[in-house]
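A short worksheet on the structure shown next.
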2 protein chains.
Amino acid sequence: MEIDDRKLKILKAIISNYLETGEPVGSRTISKFTDLNLSSATIRNEMQDLEEMGFLKQPYTSAGRIPTDKGYRLYVDQMMVEKDSEMEEMKTQLLERVDKMESMLKQVAKVLAYNTNYAALVSAPQYQNSKLKFIQLSQVDDNQMLAVIVVDNNVIRNKLIPIDRPMENDEILKLNVLLNTFLQGASLQDINLEMIHTIKNQAGEYAEVMEGIFQGITEAIHEADEVEIYTNGATNMLKYPELGNVEQTTKLLEALEDRQGLDELIDETLHNDSDTGIQVYIGEETPVSSMKDCSIVTATYELAEGAKGTIGIIGPKRMDYQKVVSTLKNLTGELDEIFKKKE
Amino acid sequence: MEIDDRKLKILKAIISNYLETGEPVGSRTISKFTDLNLSSATIRNEMQDLEEMGFLKQPYTSAGRIPTDKGYRLYVDQMMVEKDSEMEEMKTQLLERVDKMESMLKQVAKVLAYNTNYAALVSAPQYQNSKLKFIQLSQVDDNQMLAVIVVDNNVIRNKLIPIDRPMENDEILKLNVLLNTFLQGASLQDINLEMIHTIKNQAGEYAEVMEGIFQGITEAIHEADEVEIYTNGATNMLKYPELGNVEQTTKLLEALEDRQGLDELIDETLHNDSDTGIQVYIGEETPVSSMKDCSIVTATYELAEGAKGTIGIIGPKRMDYQKVVSTLKNLTGELDEIFKKKE
DNA sequence: GTTAGCACTCAATCCATTAGAGTGCTAACA
DNA sequence: TGTTAGCACTCTAATGGATTGAGTGCTAAC
């Protein structure tokens, strides 16, 4: 059977009503609610068709209809029209405190959760392809060197390196020159064993110190490769009782608290990039098992130099997709702006 | 009325039973449960006395008894005396790397939550009056200077400062010397307007750059004095339905997620130090309003140089106090070990 | 002082009934 | 042929009365 215009209209009305109320939608409601001027009986017939086609289902016999995953999918794909309102307030919230990346991303998660009333998730950008801009060694005290590593999007990492004996100033200067000569402009993958070996050779008597330095650098790199994930508003999920039993919700909250499976989710979103950067996972489509009863909407943002991150919303299947999508789009845009300014 | 030995025994039996089951305890249960060989009627009489004395209450007429806050308090005090395994004094050296510490403390929170099935809370050690240890200016590119500021607990802060024109190497060197001469070892209070003025004067044409640096310094010191708090196992709270309505629990979870009032709690524990380092807050005694229906057990640990931190458990009033207390004691001991090894 | 016994209380559970929201089907209608 | 009115039917949720049973308080007897 083909889905015609009227069926589409009815389906849309049903889903949209269900999104608001969370209750199964009856034929009479639709008969009154839409401007189709059809009786409830006719709507019922259409509903039967739509159920047959797999877009709707009844939670139990002779109850109203609720959308299936397939129904949501159609709704999301075909009927999404963006709402651009409500964005201004959010922008001001965002700009209040933007000094450090970490606190900014946390802030983003908070704003997102607060504005949508769902759970929010933000991943820090991954810098696999970024290049080293600057390395600086300096002596903090007799037992410690400080290595400051600046990546070209101005992400800065610090490492404290224990040393056996104090170094002279000009020695430090020499090492700094050496390090910057070899490593400036190198991407993090470029720093391989061979290069390390070369540098160590040239470091002469400080090869040993260099050992500690490289260890610090690799640690820093490793740390940079790790995806930080911030979540917020997990407790919002308690507001949607239709997420089934308490156990299911508890599992979900635990997953959010412990970041279980969130790595996979982030990976998935980064690799499975759509045209718009927006992706919607409905019910069983989600890559995380504890979220099978939810929907996830994600957007990827991109800094210069190919560093990408994900922001997303986890909510009930009956989430306000329009609002969430437009919120995410605006926020990624905003993030882009901010990062550009910081450069 | 005086509380005699038998009453105490009965009270303990009641509380201990209630801790297990979470259900009001009846006289018959106690009659069988204890080795007192008393009939339920006698127990009932005693129970009435205990209720009159404020240790027990009935959730409704003709139900069994449950402990009041006062009852719990007696129980806990009594228990502490009996167990009396003394806390060894915790002396540890300053931690080498603060960044490692973060993940360790997170781990501690996780272990704590997992083992007790309550919510866990860990605060990073607090250094009052952090002092500036080292400051380094360097040039990242033509438009930016990088100021690296190391505070004496090895908290490192970076600040990028935009500049109009590139600076010469020896100029930078001069500024570095200037800054370190004046500021090394200074605490936040030391860095007053007068000092800033002096330095700015000596900086000559770079007074403007100095502005940004001072800002970075104050931020860094503030950050060092800020208490990081890690939580885990918040979702465990969903397992205890007697925490009243869902709203109350939601509030609690939100407080844990957003760290609302946790600062106050940590402050309280640090100032209100008991002999053993263990503190128990029951019901209304808790400093955080969203936890009035819970109990909180905390332990403080102490690093060298007066840096103190808190680890704690938040759970229902009927928590397994013995287990929690001994777990906390063990963990603080464990922390002690770890810090010593890292010396 | 302790206990047995009994009347009483009250939340929880069960059960039957009802209300009502909604469907499916059929027959009539335009 | 598509639409609609009408009606029987289904199933959940809500209601409320009866019942259960754990547990108390009191009294009288040991």
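Other residues, nucleotides and ligands contribute more than 12 heavy atoms inside 6.0 Å of the NZ atom of A/K292. Within a 6.0 Å radius of NZ in A/K7, more than 12 heavy atoms belonging to other residues, nucleotides or ligands are found.
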Practice problem: Could you give me the CA-CA distance, side-chain angles and deciding distance for B/L74 and B/L8, then say whether side-chain contact (heavy atoms from CB on, under 4.5 Å) is met? | Solution: CA-CA 9 Å; B/L74 187 73; B/L8 202 61; 3.7 Å; yes

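A close approach under 4.0 Å does not occur between any side-chain nitrogen or oxygen of A/Q58 and OP1 or OP2 of C/dG22. Side-chain nitrogen and oxygen atoms of A/R6 include at least one within less than 4.0 Å of the OP1 or OP2 phosphate oxygen of D/dT3. Proximity of A/R65 to the phosphate of C/dT23: a side-chain N or O atom is located under 4.0 Å from OP1 or OP2. For A/T61, a side-chain nitrogen or oxygen approaches OP1 or OP2 of D/dC11 to under 4.0 Å. Side-chain nitrogen and oxygen atoms of B/S27 include at least one within less than 4.0 Å of the OP1 or OP2 phosphate oxygen of D/dT24. For the OP1/OP2 pair of C/dG22 and a distance below 4.0 Å, the side-chain nitrogens and oxygens of A/S62 include no atom meeting the criterion.
Across all strands shown, C/dA7 pairs with D/dT24; the Watson-Crick or G-U wobble distances both stay below 3.5 Å. In this entry D/dA29 has C/dT2 as its Watson-Crick or G-U wobble partner, both defining distances falling under 3.5 Å.
Regarding A/N45, its CG atom lies at a distance of 11 Å from the P atom of D/dG2, rounded to whole Å. Atom CD1 in B/I43 sits roughly 15 Å away from atom C1' in D/dG25 (whole-Å rounding). Summarising the geometry, the separation between NZ on B/K32 and C1' on D/dG23 is reported as 13 Å, rounded to the nearest angstrom. Distance B/I30 CD1 to D/dT24 P: 10 Å, rounded to the nearest Å. Rounded to an integer number of Å, the gap from CD of B/E52 to P of D/dG25 is 11 Å. When rounded to the nearest whole Å, the span between CZ of B/R28 and P of D/dG25 equals 17 Å. Distance, B/D49 CG to C/dT2 P: 11 Å, rounded to whole Å. Across the protein-nucleic acid pair, A/M47 atom CE and C/dG24 atom C1' stand 13 Å apart, rounded to whole Å.
Between the side chain of A/R44 and the base of C/dG24, a donor-acceptor pair under 3.5 Å is found.
Salt bridge annotation for B/D69-B/R73: absent, with no cationic side-chain nitrogen under 4.0 angstrom from a carboxylate oxygen.
Here the options are A/R65, A/R6, A/K9, the test is salt bridge (Lys or Arg N to Asp or Glu O under 4.0 Å), and the partner is A/E46; only A/R6 passes.
Heavy-atom nearest nucleotides on DNA chain C were determined for A/A41 and for A/T29, and the one closer to the 5' end corresponds to A/T29.
In the set C/dA11, D/dT4, C/dC25, the nucleotide with an atom closest to the side chain of A/S39 is D/dT4.
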